[in-house]
Amino acid sequence: MMTRADVVVIGSGGLGAATAFYLAKSGRRSVVVVDKSDIASQTSPRAAGMLSCARKTDVMITLMKTARDHFRRFTEETGQPLDWVHAGSLKIARRPDDAKVIAGDVARGRRMGLDLHEIPPTEARRLHPFLQPTGIAAAMHVGDDIYFNPPQVAIGFARAAEARGASLLPRTTVTRINIEGGKVSGVETDRGSIRADVVVDAAGAWTRQMAEASGIRVPLVPTRHQLFVTVPLEGARPDLPMIRMIDAAVYVRPCDGGLLWGVFEEGPRFLDMDVLGSRFDVKDTPLDAAVLRRAAEDVKDQLPILSTAGVREHRGGIPTMTGDGEHIVGPAPAAQGFFFASGCNVAGLSISPALGEALAAWIVDGRPPLDLSALSVARFRDRTWASEDQLRRDAAWQYHHFYGST
Ligand SMILES: Cc1cc2nc3c(=O)[nH]c(=O)nc-3n(C[C@H](O)[C@H](O)[C@H](O)COP(=O)(O)OP(=O)(O)OC[C@H]3O[C@@H](n4cnc5c(N)ncnc54)[C@H](O)[C@@H]3O)c2cc1C
């Protein structure tokens with residue numbers, strides 16, 4: 001086993017693999033990616049694969065546009081396959097108050113150069129034959145959005161990183177990050193030590209355990225998220241726009257001749273990775289179809305198909321939520337050489353090319369290519385959560401209000 005590298009990346013999901021790829025591509029750092037499971041096998045391949053450019057802040061819009069551009073040339077850039085569709089999306093407000101969310105998205109998005117417009121509900125119906133205009137107060141069309149095939153992303157980045165000299169160590173568990181005199185000096189694994197001055201904690205649902213074992217606090221909560229894929233449906237064309245419904249927090253996109261859909265329910269299930277145990281595999285995440293059935297009932301006037309279509313696949317995974325809904329990316333002030341790539345807030349795969357590229361540049365050049373202070377773990381210095389309960393309440397609120405609130 002390799003015993004020395006410039007950078008150890010813990011985790012080969014979208015965030016870790018993309019970081020490793022851009023580090024290897026720079027040619028200026030030797031990289032080893034360590035994963036306790038098979039490469040790219042945990043939450044990342046289970047995502048919906050939807051990329052949304054109309055975000056709540058300017059920095060997120062910039063990152064999502066960058067990520068979208070990387071996905072469009074993924075194969076050219078990495079040499080790996082990626083199926084993606086430029087379908088655009090519809091955002092739907094049912095409550096009059098949520099029309100303000102759309103007005104805000106349109107104003108911010110236009111200022112940031114996005115192709116988005118408010119459209120009448122009848123036009124939304126014309127663009128998406130499964131959508132009924134009943135009870136729709138306002139609608140927005142976003143021309144920029146794409147969706148992609150999730151299982152191809154992290155594995156594609158990992159293979160491309162390996163092709164550029166990175167080492168991949170699957171089925172190898174990092175048991176501790178070594179910190180000496182306030183600086184990272186490497187990691188211990190169940191197969192031996194690796195010395196390194198830089199470690200990236202991209203351990204997904206296990207990020208917090210990994211950091212806290214080295215005394216570094218990171219306020220994020222592993223959270224179950226699940227979706228259905230329906231059987232093939234007449235009219236479910238791959239180029240139908242994705243749909244996002246603000247108050248119901250339901251999303252839909254075409255998938256293999258049917259529809260893929262999920263919900264950010266009120267009161268999500270948080271998971272304790274210590275209780276699940278070190279051998280837990282995300283494929284065994286306890287799922288609950290009743291959550292999705294209730295969501296289908298909630299939107300039955302607008303999307304009756306979700307209540308009637310047969311289900312071909314029910315899958316879920318464990319993204320991590322933060323109390324303010326922003327990712328956690330960049331250095332941990334408590335230990336030189338310790339970086340985070342986590343706190344994905346159920347949007348880690350779509351943003352992974354942009355964050356991986358930015359983090360790699362940060363590690364190599366000593367500064368990020370754009371101001372990422374909004375994503376820094378240092379932002380929690382003045383806002384430490386009084387209790388785990390408060391963190392979970394805030395994380396649950398962020399989760400359910402994924403598509404915005406007034
Ligand atoms: C149903 C569903 C739908 C989603 N839809 C979308 C979407 O449309 N768009 C979007 O952007 N995001 C979506 N997401 C979220 C997305 O999946 C996550 O944001 C993303 O996959 C997070 O990637 P990651 O690299 O942080 O985690 P992971 O993919 O889980 O990778 C973390 C890795 O770290 C490894 N690891 C952990 N501990 C250790 C250790 N001690 N030693 C070695 N390795 C370790 C794990 O084995 C794992 O492979 C969805 C998620 C789900 C579940």
Side-chain angles (χ1 to χ4, degrees), residues 1-13 15-20 22-24 26 28-37 166-169 172-222 272-274 278 320 322 327-344 355-356 358-368 372-373 375-385 388 391:
M1 194 183 86
M2 180 158 201
T3 56
R4 168 86 221 170
D6 292 329
V7 184
V8 173
V9 177
I10 307 170
S12 64
L15 292 171
T19 305
Y22 287 104
L23 281 167
S26 80
R28 289 161 63 193
R29 291 292 185 279
S30 63
V31 190
V32 55
V33 181
V34 187
D35 202 297
K36 69 185 180 63
S37 301
S167 299
L168 305 183
L169 290 181
T172 306
T173 302
V174 174
T175 51
R176 198 177 64 226
I177 299 168
N178 294 325
I179 297 171
E180 293 167 18
K183 292 184 183 172
V184 163
S185 60
V187 299
E188 301 299 325
T189 81
D190 56 356
R191 294 171 59 203
S193 315
I194 308 172
R195 290 196 65 76
D197 295 336
V198 174
V199 167
V200 179
D201 182 353
W206 295 269
T207 300
R208 185 171 173 179
Q209 280 181 317
M210 201 70 264
E212 291 189 354
S214 312
I216 296 178
R217 178 161 157 68
V218 58
L220 51 78
V221 199
D272 184 331
M273 304 318 286
D274 285 329
S278 58
T320 48
T322 60
H327 295 56
I328 298 179
V329 177
Q336 193 180 325
F338 192 125
F339 286 78
F340 283 109
S342 193
C344 72
L355 290 184
L359 193 53
W362 204 336
I363 290 167
V364 171
D365 301 330
R367 59 182 185 286
L372 293 180
S373 50
L375 312 188
S376 160
V377 72
R379 73 186 188 269
F380 299 118
R381 256 193 317 240
D382 308 324
R383 295 169 55 188
T384 42
W385 271 267
E388 191 67 21
L391 171 61

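Quick note: numbers below take in every heavy atom, side chains included, and nothing from hydrogens, waters or symmetry partners. In this text, all values refer to a predicted model and were calculated from it rather than measured experimentally.
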Legend entry - Cys344 side, atom SG; Leu15 side, atom CG - distance, nearest 0.5 Å: 7.0 Å

Legend entry - Arg208/Glu388 ion pair, N-O < 4.0 Å: yes

Inset, instruction - Report yes if some heavy atom in the side chain of Ser373 is under 4.5 Å from a heavy atom in the side chain of Arg379; otherwise report no. - result: no

Inset, instruction - Using side-chain contact (heavy atoms from CB on, under 4.5 Å) as the criterion, point out the one residue from Leu220, Asp201, Val377 that pairs with Ser342. - result: Leu220

Legend entry - Backbone N/O of Ala378 and side chain of Ser376: donor-acceptor pair under 3.5 Å: yes

Legend entry - Minimum-distance pair of heavy atoms, taken over all atoms of Ala166 and Ala24: CB-CB, 4.3 Å

Legend entry - Nearest-0.5 Å distance, OG1 of residue Thr322 to NE2 of residue His327: 8.5 Å

Legend entry - Interatomic spacing from CD1 in Ile194 to CD1 in Ile10 - rounded to 0.5 Å: 9.0 Å

Legend entry - Option among Val31, Val8, Val32, Val34 that satisfies the side-chain contact (heavy atoms from CB on, under 4.5 Å) test with Ser167: Val32

Inset, instruction - Over all heavy atoms of both residues, which pair between Phe339 and Pro331 is shortest? Give the atoms and the distance, please. - result: CD2-N, 3.6 Å

Legend entry - Student check: side-chain heavy atoms of Val329 and Phe340 closer than 4.5 Å: no

Legend entry - Ile328 side chain near Val218 side chain, heavy-atom distance below 4.5 Å: yes

Legend entry - All side-chain hydrogen bond (donor to acceptor under 3.5 Å, both in side chains) counterparts of Glu188, not counting sequence neighbours: Asn178, Ser193

Legend entry - CA sep, side-chain torsions, deciding dist, call: Val364, Leu23, side chain to side chain contact (heavy atoms under 4.5 Å, CB included): CA-CA 8 Å; Val364 171; Leu23 281 167; 3.8 Å; yes

Legend entry - OG1-NZ distance between Thr175 and Lys36, expressed to the nearest 0.5 angstrom: 13.0 Å

Inset, instruction - Look only at the side chain of Thr320 and the backbone of Gly343, and say whether a donor-acceptor pair between them is shorter than 3.5 Å. - result: yes

Inset, instruction - Supply the atom-to-atom distance Asp35 CG to Leu168 CG, rounded to the nearest 0.5 angstrom. - result: 9.5 Å

Legend entry - SB check Asp365 Arg28 (cutoff 4.0 Å): yes

Inset, instruction - Walk me through it: do Thr19 and Val33 pass the test side chain to side chain contact (heavy atoms under 4.5 Å, CB included)? - result: CA-CA 10 Å; Thr19 305; Val33 181; over 6 Å; no

Inset, instruction - Compare every heavy atom of Gly330 with every heavy atom of Trp362, then report the nearest pair and how far apart it is. - result: CZ3-CA, 3.6 Å

Legend entry - Side chains of Thr189 and Met1 in contact at under 4.5 Å (non-hydrogen atoms): yes

Legend entry - Test item: Thr172 and Asp190 side chains (from C-beta on) under 4.5 Å apart, heavy atoms: yes

Legend entry - Separation between CE of Met210 and CZ of Phe338, rounded to the nearest 0.5 Å: 7.5 Å

Inset, instruction - Using the side-chain contact (heavy atoms from CB on, under 4.5 Å) rule, pick out the option among Ile177, Val174, Val7 that qualifies with Val199. - result: Ile177

Inset, instruction - Locate the shortest heavy-atom distance separating Ala202 from Val9; write the atom from each residue and the value. - result: CB-CG1, 4.5 Å

Inset, instruction - Compare every heavy atom of Ala358 with every heavy atom of Leu372, then report the nearest pair and how far apart it is. - result: CD1-CB, 3.8 Å

Inset, instruction - Could you tell me which non-hydrogen atom of Leu359 sits nearest to which non-hydrogen atom of Ala341, and how far apart they are? - result: CD2-CB, 3.7 Å

